[in-house]
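A quick write-up on the structure given underneath.
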Amino acid sequence: MVKIAFYRVSGSKKKDKLIEVDDKYIGLQNRREGALIVKFRGPEDDLMEIHDFFDALDDAESVPVDIDSTGPVEYYFRGISPLNDETDEGFPIKTFDVTLQLRREIL
């Protein structure tokens, strides 16, 4: 089981937050120019905390992402899609997407 960690780094320790998500709920899709679409899919009970984490982020807020403890990569938040209702093998599930942009340093 691979864990993907998302960090909220606000500059205030009280607002900083970490959420770890099991990879069974995630699909990653790289786009051009450093954009990353993170597709979340699973039971409502498991996804609502994840949705609330991203829904509370501000546009362009820093979101380091660490896949399986390989070290955080700096992204910033670009947006979240609405929650969708779907079924998986007859069971109700929720889905939503998050768009992140790779943070590039200007030299």
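Treat the numbers as computed from the prediction; the structure is a model and nothing was measured.
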For F54, the ring pair (Phe, Tyr, Trp, His ring centres under 6.0 Å) test, sequence neighbours excluded, returns F6, F40
[X]: what forms a side chain to side chain contact (heavy atoms under 4.5 Å, CB included) with it, not counting sequence neighbours?
X	value
T99	I37, R78
N84	T95
L102	V73, Y75, R104
D46	Y25, P43

With sequence neighbours left out, the residues meeting salt bridge (Lys or Arg N to Asp or Glu O under 4.0 Å) with K3 are none
With sequence neighbours left out, the residues meeting salt bridge (Lys or Arg N to Asp or Glu O under 4.0 Å) with D85 are K94
What closest approach, in Å, do [X] and [Y] show between heavy atoms, and which atom pair accounts for it?
X	Y	answer
A5	E20	CB-CG, 4.0 Å
I4	V65	CG2-CG1, 3.9 Å
I50	F96	CG2-CZ, 3.8 Å
F53	K17	CD1-CD, 3.9 Å

Within a strict 4.5 Å, meaning less than it, do heavy atoms of the [X] and [Y] side chains meet?
X	Y	answer
V63	Y76	no
E44	L83	no
V21	V38	no

Between the CD1 atom in I93 and the CG atom in D45, the distance rounded to the nearest 0.5 Å is 13.0 Å
Rounded to the nearest 0.5 angstrom, the CG-CD distance for L36 and Q101 is 9.5 Å
Does D88 use its side chain to pair, donor to acceptor, with the backbone of P92 at less than 3.5 Å? no
So the salt bridge (charged side-chain N to carboxylate O under 4.0 Å, His left out) pairs with at least one residue in residues 25-34 (sequence neighbours excluded) are none
Mind running side chain to side chain contact (heavy atoms under 4.5 Å, CB included) on L57 and V98 for me, showing each step along the way? CA-CA 11 Å; L57 293 174; V98 170; over 6 Å; no
message = Do I26 and L18 sit in one hydrophobic cluster, given that two such residues count as connected whenever their side-chain heavy atoms are within less than 4.5 Å of each other, even indirectly?
response = no
Review point. Under a single-linkage definition using a 4.5 Å side-chain heavy-atom cutoff for Ile, Leu, Val, Met, Phe, Trp and Tyr, are F77 and Y7 assigned to the same hydrophobic cluster?
Key: no
Sorted by chain and residue number, the side-chain hydrogen bond (donor to acceptor under 3.5 Å, both in side chains) partners of E74 (sequence neighbours excluded) come out as S62
